[in-house]
Novice: 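Before anything else, here's the structure in question.
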Amino acid sequence: MLITTISKIKETVSGWKMQGAKIGIVPTMGALHAGHASLIKKAVEICDKVIVSVFVNPIQFGPSEDYDKYPRTLDDDVRLAEGLGADVVFAPSPEEMYGKGQRLSNDNLTYVAPPFFYVDKLCGKTRTGHFDGVCTVVLKLFNITRADYGFFGQKDAQQFIILKKMVNDLNVPIELISCPIIREESGLALSSRNKYLDEQGKKSALALSQILNNIKNCYAKGVTDVAALKETAFRFLNESHELEYLEFVDKNTLEYKTKADNDTLVLIACKVKSVRLIDNTLIAC
Ligand code: PAF
């Protein structure tokens with residue numbers, strides 16, 4: 001069932017709550033792919049009722065980012081989500097989420113501001129305000145749906161750590177579940193933005209997973225010095241790549257590491273022919 005209004009989803013949720021149902025939410029921006037499918041399957045496995053939200057959230061995009069051209073495929077998304085057993089696709093308009101005629105900025109609307117330590121690095125460094133926008137919309141979705149479980153992809157590792165911090169700091173009554181990255185056979189991590197890549201771009205994009213695999217192999221052979229591990233990345237890069245960051249952080253706290261250990265998360269962001277891609281891995285897995 002497709003629901004587009006907050007009043008209708010609240011009414012539906014109230015009915016479910018009365019039956020004592022455990023509710024799961026899979027927040028997405030649509031253009032659903034096998035990565036999202038794995039989240040929906042997990043949610044269906046654990047919960048009695050599953051909501052997939054599809055909302056391209058304007059307040060998490062910077063002025064020069066791809067909000068307008070972000071792929072929108074609602075009919076396909078509804079088919080896929082329902083086919084996997086989701087009960088509801090909640091797809092509100094921006095006006096429904098933020099109010100008609102509202103100026104979408106934090107001098108007009110209440111935003112959630114995650115701690116500077118968590119946002120002033122990795123994707124937050126170049127995407128100013130991005131995680132404020134993510135936390136704000138996700139908290140709104142949690143409040144609207146009163147879900148017991150929220151499902152997110154490990155691909156957006158910094159996002160997941162920040163959302164967990166928000167849930168903990170603001171006592172939001174929900175359990176967050178992170179699901180593994182789904183990859184093409186080639187190793188390329190699935191992303192809605194892969195749609196922007198042509199064949200050559202897809203080939204170049206393999207550098208991200210190759211760099212991460214190579215770092216894992218070097219670590220397995222005993223290299224722990226982060227500077228030395230970073231050096232090994234360069235042979236995978238050429239003029240089609242614009243490396244934004246390659247960082248080594250603690251998997252729970254996002255603290256930078258100079259020596260890698262088994263709790264180290266390696267994250268990469270790289271533009272491939274102007275398409276911004278991200279990937280990550282635990283160094284010891
Ligand atoms: O990861 C995403 O697709 C988005 O950031 C999310 C969590 C749906 C919030 O808009």
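Numbering of ligands and ligand atoms starts at 1, following listing order. Index from 1, following the sequence. All heavy atoms count here, side chains included; hydrogens, waters and symmetry mates do not. Fair warning: this is a prediction, and the values are worked out from it, not measured in the lab.
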Novice: Going by the order shown, which atoms of ligand 1 are within less than 4.0 Å of some heavy atom of Asp156?
Specialist: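 Answer for ligand 1: 1 (O).
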Novice: Considering non-hydrogen atoms only, spot the tightest contact between Pro114 and Asp132 and give its length.
Specialist: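 Answer, listing the atom of Pro114 first, then Asp132: CD-OD1, 3.6 Å.
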Novice: Are Val54 and Leu2 grouped together when hydrophobic residues (ILVMFWY) are joined by side-chain heavy atoms under 4.5 angstrom apart?
Specialist: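 In one cluster: yes.
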Novice: Considering heavy atoms of the protein only, find what lies nearest to atom 3 (O) of ligand 1 and give residue, atom and distance to 0.1 Å.
Specialist: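 The protein heavy atom lying closest is Met29 CG, 3.7 Å.
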Novice: For ligand 1, which atoms have a heavy atom of Val137 less than 4.0 angstrom away?
Specialist: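 Checking each atom against Val137, I get 9 (C), 10 (O).
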Novice: Got a sec, which residues hit side-chain contact (heavy atoms from CB on, under 4.5 Å) with Glu96, two or more places apart in sequence or on another chain?
Specialist: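 Here the qualifying residues are Thr5, Ile6, Pro92, Ser93.
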Novice: Kindly determine whether Lys125 and Asp120 satisfy salt bridge (charged side-chain N to carboxylate O under 4.0 Å, His left out), including the steps that lead there.
Specialist: CA-CA 5 Å; Lys125 196 104 193 144; Asp120 185 36; 3.4 Å; yes
Novice: Salt bridge between Lys202 and Glu199, side-chain N to carboxylate O under 4.0 Å?
Specialist: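 Looking at Lys202 and Glu199, the cut-off is not met.
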Novice: Which ligand 1 atoms, with their elements, are less than 4.0 angstrom from a heavy-atom of Thr28?
Specialist: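 Taking each heavy atom of Thr28 in turn, ligand 1 has 8 (C) under 4.0 Å.
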Novice: Just to confirm my output: which protein heavy-atom neighbour is closest to atom 9 (C) of ligand 1, and how far is it?
Specialist: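 In this structure, atom 9 (C) of ligand 1 has Gln60 OE1, 3.3 Å as its nearest protein heavy atom.
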Novice: For atom 7 (C) of ligand 1, what's the nearest protein heavy-atom neighbour? Residue, atom name and distance, please.
Specialist: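 For atom 7 (C) of ligand 1, the nearest protein heavy atom comes out as Gln159 NE2, 3.5 Å.
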